[in-house]
Each structure stands twice: as structure tokens, then as C-alpha cells.
Amino acid sequence: MSAESALSIREVTKTFPTPEGGEVRALDSVSLEVADGSFTVLLGPSGCGKTTLLRCIAGLESPDSGEIDLKGQRIDDVPVWKRRVNTVFQSYALFPHMTVAQNIAFGLEMDKLPKAQIQQKVGAALEMVRLSDLGARRPSQLSGGQQQRVALARALAKEPEVLLLDEPLSALDLKLRRGMQMELKRLQRETSITFVLVTHDQDEAMSMGDLVAVFDSGRIVQVGPPREVYLSPRTRFVADFIGEANLLEGAAAGGRIDIPGFGDVADEAMSAGSAPPQDGPVIVAVRPENVVLRPDPTGNGTIVDATFIGGDLHVEVAVGDTLLSVRQGGPGSEALAVGALVRVGFAPGSARIVEP
Amino acid sequence: MSRARGTGESLKNFPLFGLVSALVFAFLYVPLVFVVGYSFNSNRVVTIWKGFSLDWYVDVLTNDDIQRALMNSLRVAVVATILSVVLATGLAIGLLRMARSGRTFAWSLIMAPLIIPEIVFAIGTLALFVQVRFPLGVEAITLAHTAFCIPFALLPIRARLRGVDLAVYEAAADLGAHEWTIFRRITLPLLMPGIVAGALLAFIISLDDFLVSYFLAGAGGTTLPVYIFGMIRNAITPGVNALSTLLLLASVIIVTLSYIITRRKR
């Protein structure tokens with residue numbers, strides 16, 4: 001609705017028939033605003049509906065109900081070839097019988113641009129992805145990373161309102177992937193085209209997105225900047241899927257939040273000004289780096305395992321029947337040997353009550 | 001060391017391996033050598049060599065009946081090839097878009113001519129044409145050839161189509177291409193090696209067919225294989241050898257061409 005929205009997705013639902021004759025709801029009344037010029041990441045495990053949403057935006061699927069607006073214009077009934085949206089496919093989908101330059105020119109020829117202009121735009125697109133000297137090659141003569149760049153150049157050459165990227169880095173090896181993440185950020189900044197990227201890799205989402213939309217079973221469960229989603233997960237699923245989290249079950253009653261073995265954690269789990277939880281069972285999520293351990297012979301926890309990984313101490317501590325992951329950096333961790341008794345607490349304000 | 005190598009060596013060490021191989025190749029190629037060699041024999045008696053001569057080629061190439069039969073064969077083969085390749089291309093694309101269950105059924109239906117005994121197909125087609133009063137001759141043969149060439153044309157086209165990433169068509173649409181443009185600029189060029197291979201296969205199958213053509217030839221529809229059959233009913237003359245050699249040459253040229261074309265496309 002708002003003027004600065006590049007994409008406005010409202011209550012989009014899409015179901016697919018299953019081979020058994022049933023129905024699977026890939027998108028369940030999904031709504032999302034994508035700000036113009038932003039880098040938005042749709043994050044979730046496979047089969048959560050994120051790719052279906054991307055395909056609905058591209059026009060490769062049509063939603064059963066709901067509305068998709070591009071720059072204020074409704075597009076969900078516009079055919080795929082007319083939408084000012086382009087896609088980078090997971091398999092790249094380069095045309096194997098054309099050269100790199102012909103691949104990039106294809107979309108421009110569809111726009112019926114004059115030849116000279118096409119040539120100039122192809123050259124600029126090749127330069128943008130640093131493949132200027134490979135224009136005459138066939139896709140089969142390129143490495144995976146180079147093919148990826150061609151797919152990007154082909155889509156970007158059309159200067160779309162929104163660029164859709166479907167798991168674009170999943171076929172690359174780890175080292176290349178880090179490089180391409182930086183490259184995608186750079187391209188997004190330079191072109192100021194709105195990017196919508198689908199991934200199941202939370203590190204990728206966290207490092208690239210201005211905005212992350214977390215999907216779970218066909219619904220968007222949380223939308224926000226990566227830092228916010230990490231620090232304040234709304235549901236148990238988000239807390240667990242993004243980063244590592246200790247999920248503790250307890251009970252709320254009269255402003256207290258009691259967790260067996262910890263006592264009242266209301267002070268740690270309540271951010272200032274927020275309303276106390278309704279009485280009843282609650283789940284509290286705590287990140288491993290926010291668990292505080294103090295050597296204490298009368299403590300509530302026992303160290304079960306301690307390992308140094310990359311300068312951090314990774315500790316497993318047992319509190320009653322519950323096992324917690326703890327990450328501690330720096331000095332003072334010598335005392336945390338296996339078998340030691342410790343007092344386990346949480347850093348102030350670091351715990352979050354999450355929806356089940 | 002490795003198992004595969006061990007079996008390979010033991011097969012080579014089999015005492016009769018060389019002899020059996022030689023016999024197999026002899027059985028395959030000696031008749032061809034015989035046909036080609038004796039086509040240059042100046043003697044009217046086929047099996048006795050007298051001297052080198054091109055007389056039989058001149059004879060064959062100036063014979064009006066043979067030329068008419070050759071023209072019939074080419075007309076049938078060219079038209080049947082074009083029709084069967086167009087239909088097979090449509091079928092291949094159509095099959096790709098069908099639901100799985102329907103696809104299996106349609107595929108078996110299309111491929112059935114490969115296992116139906118040709119004599120049954122020939123009799124059935126003859127009965128049908130007589131029933132609907134379709135005149136026998138070149139047109140009747142062309143229709144029948146088209147029908148049984150479709151599976152041969154379809155096999156390489158479908159193999160090629162299955163090797164294409166489906167996302168390529170979506171990418172073309174995403175970049176602004178309509179259905180027809182996608183077909184012309186993406187589908188067709190990608191299928192071309194398969195279409196060429198299918199066309200050459202269909203052409204040779206049609207050119208080579210005797211049984212169906214013989215049944216449907218009627219008065220004016222004699223094709224080359226039917227004519228050759230008529231020639232040898234009397235006696236094997238060196239003329240038959242010359243004609244067969246020419247057919248063989250045509251086949252070799254076509255197969256070589258198809259090899260070159262499909263290789264260059266990749």
C-alpha cells in the first residue's frame with residue numbers, strides 16, 4: 001500500500017494437489033511488504049512455501065487467492081512475459097545453444113530494443129558481473145560461478161523493478177558462495193534494484209538481507225531486520241531455525257515466570273515495558289552466548305562437556321534433566337572443566353518468551 | 001586387479017574369441033562386399049567374374065521403370081519423413097506436458113508399431129484403405145509410412161527433449177518471450193539434433209520398407225524395394241547388384257551426414 005513499496009503481497013494462498021489425491025497448502029494467506037530498493041530474503045526450510053511465493057511474484061504460478069502489487073499496480077493477473085520482474089533460477093537455466101552474449105541479449109530482443117542499444121546493454125551487463133571477455137563462450141564452457149554471473153547479468157540487463165533470486169548460491173561450493181554473497185550485495189547497492197532472494201541458509205539470510213521473512217509451513221512467521229529476528233524470535237520455530245537456541249519450558253503465574261531448575265526468570269525474560277505473559281505454560285528461548293555460568297559448589301548445573309572452537313568455549317551444561325548449550329569467550333573459562341558445579345543464569349534482558 | 005578388467009581379459013583369452021568375432025563380421029559384411037563387387041562385373045551371369053564394367057550402372061540409371069520406382073520411393077520417403085517428424089515433435093512436447101498416467105498410456109500407444117508384426121500392420125492398412133475406398137498407390141503408401149515412422153522419429157526427439165532443463169522455458173518466458181517465440185527460439189533449436197536424427201532414421205526406414213509398400217502399391221505405386229523384389233523373382237542380374245549398391249551408398253551418405261550434423265550442433 002505504502003508509496004515506497006516495490007512489492008505488496010496481500011493474503012496470497014496457493015494449494016497444490018498431491019499425488020495421493022489430497023491437497024497441500026504451499027502458501028497460506030501470506031502477506032508481505034517489500035520496500036523499494038531493499039534486499040529482502042525469504043528464509044525457511046525446504047517445502048515451506050518460499051519458492052512458491054517467488055514463483056507467484058514472477059508469474060510462473062498463479063495464486064488461488066490474494067493480490068500481488070508491483071509499484072502499486074496489480075500484477076497477479078498479468079502474464080509472466082509482461083511483468084517487469086526477472087528471475088535468477090536455481091539451476092541458472094541458461095540457454096545452452098546460445099553464447100553468453102546471446103543469452104543476455106535474448107531478454108532485450110524481446111523488448112524490441114534497437115540493435116545498437118542491445119549491444120551496449122549486453123556489454124554493460126557483462127562488465128557489471130566482470131565477464132567482459134567471455135561474451136563469445138557457450139554456457140557449457142563456463143564454471144558454475146561464471147554461469148551464475150551470466151544468469152544474473154541476463155536478468156539485470158532487463159532492468160527489472162524487482163529481481164527475484166531462487167536459491168542462487170546453493171549449487172556453489174562454500175568458498176565461492178561467500179564471494180558471491182558479497183558480489184550480490186554489491187550489485188544490489190550499485191543498481192539499487194529491489195532484490196528478493198529465497199534461501200534455506202540462515203547465515204546467507206543474516207549476512208545479506210536488509211529484511212528477513214521467515215517461513216514455516218506456508219506462512220510467514222516473522223518479518224524484520226536480521227538482527228531483530230535473531231535477538232527477538234517470535235516463535236519457537238524461528239528461535240530454533242535461526243542460530244542456536246536453548247528452549248526451556250516453564251509456567252507463568254502472576255508476573256512470575258518459573259522454569260524448573262532456574263526459578264523465576266521474569267527479570268531476564270521481560271524486556272522493559274512489555275506486558276507480563278498470560279498465566280499458563282510458556283517457552284523461553286535463550287541464545288548460547290547469553291547463558292551465564294559462575295563456578296559455584298551449590299550451583300544448579302553440572303558441566304557435561306567443554307570444547308574450544310575458534311577461541312570460544314562451547315559448553316554443555318545439565319540443569320536437572322535439561323541440557324543447555326553455552327558459548328563463552330575470553331578468559332575465566334579455565335574453571336569450567338567437565339564435572340564442575342556452576343550457577344546457571346541468563347544475561348539481563350536476553351531471554352525471550354516465544355510462541356509454541 | 002579390478003573385476004571388470006579381469007572379465008575383459010578372460011573373454012579375450014577365450015580360445016575361440018578371435019574366430020567367433022571374425023565369423024560374425026564376415027557374416028555381416030561379406031554379403032555387402034559380394035553385392036558391391038559383382039555390381040562391377042561385366043558378365044551377365046552374376047556369380048562368374050569376367051571383367052570390370054560400369055554397364056550395369058548405366059543400365060540401371062537409364063531404365064525408365066527403375067527411375068519411376070526411385071522417384072516413387074523418394075516422394076514417399078520425403079513426405080512421410082516430413083509428416084512423421086512434425087507429428088513426432090508435437091507429440092514429444094505434448095507428452096512432456098501430460099499427467100504421468102496419461103503419458104504412459106499415450107507413449108505405449110504411440111510406440112506400439114515397433115512391436116506390431118509388420119505383416120499385420122500391412123494387412124490391416126490394406127483392409128482399411130479398401131474399406132474406405134482410398135485408392136492404393138503412392139499416397140496410400142505415404143500415409144502408412146508416416147504412421148510407422150512416427151515412433152522412429154519420436155525416439156531421438158524425445159531423448160533430446162528430456163535432456164533439456166525445464167527451467168529454460170520458464171527463463172525464456174520470464175525474459176519476455178511468448179509461447180511461439182519460446183518454441184521458435186528455444187525449443188526448436190535445442191531439439192534440432194534430435195529432429196535431424198529422427199528425420200534421417202524415418203527417411204531410411206521409409207526408403208527401405210518393402211512389405212507395407214508391396215501391399216499398398218496398387219498399379220502405379222511401385223517403390224524401389226518392390227521393384228527390386230520383382231527383378232529377383234526372375235533371376236539375380238548384376239543390375240540388382242548395381243541398384244543395391246546405389247541404395248547402400250545413399251544410406252551411408254545419409255548416416256554420415258546425420259553424424260556430422262548432430263556433432264556440430266553440440
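Classified by interplanar angle (parallel below 30°, tilted 30° to 60°, perpendicular above 60°), the ring pair B/Phe148/B/Phe121 is perpendicular.
With chain B as partner, the option from A/Ala151, A/Ala58, A/Gly107 having the largest number of non-hydrogen pairs under 4.5 angstrom is A/Gly107.
A salt bridge links A/Glu61 with A/Arg55: the closest approach of a Lys/Arg side-chain nitrogen to an acidic carboxylate oxygen falls below 4.0 angstrom.
Proximity to chain B (any heavy atom under 4.5 Å) is shown, for A/Lys82, by neither the backbone nor the side chain. Looking at A/Gln90, there are no atoms closer than 4.5 Å to chain B (heavy atoms on both sides), in backbone or side chain. Heavy atoms of A/Leu94 lying under 4.5 Å from chain B belong exclusively to its backbone. Proximity to chain B (any heavy atom under 4.5 Å) is shown, for A/Val88, by neither the backbone nor the side chain. Heavy atoms of B/Asp165 lying under 4.5 Å from chain A belong exclusively to its side chain.
Sparse packing is recorded around CZ of B/Arg162, with 12 or fewer heavy atoms of other residues, nucleotides or ligands lying under 6.0 Å away.
Put simply, the side chain of B/Ser84 gets close to the backbone of B/Ala80: a donor and an acceptor are under 3.5 Å apart.
Annotation: cation-pi pair A/Arg154/A/Phe95 present, NZ/CZ under 6.0 Å from the ring centroid and within 45° of its normal.
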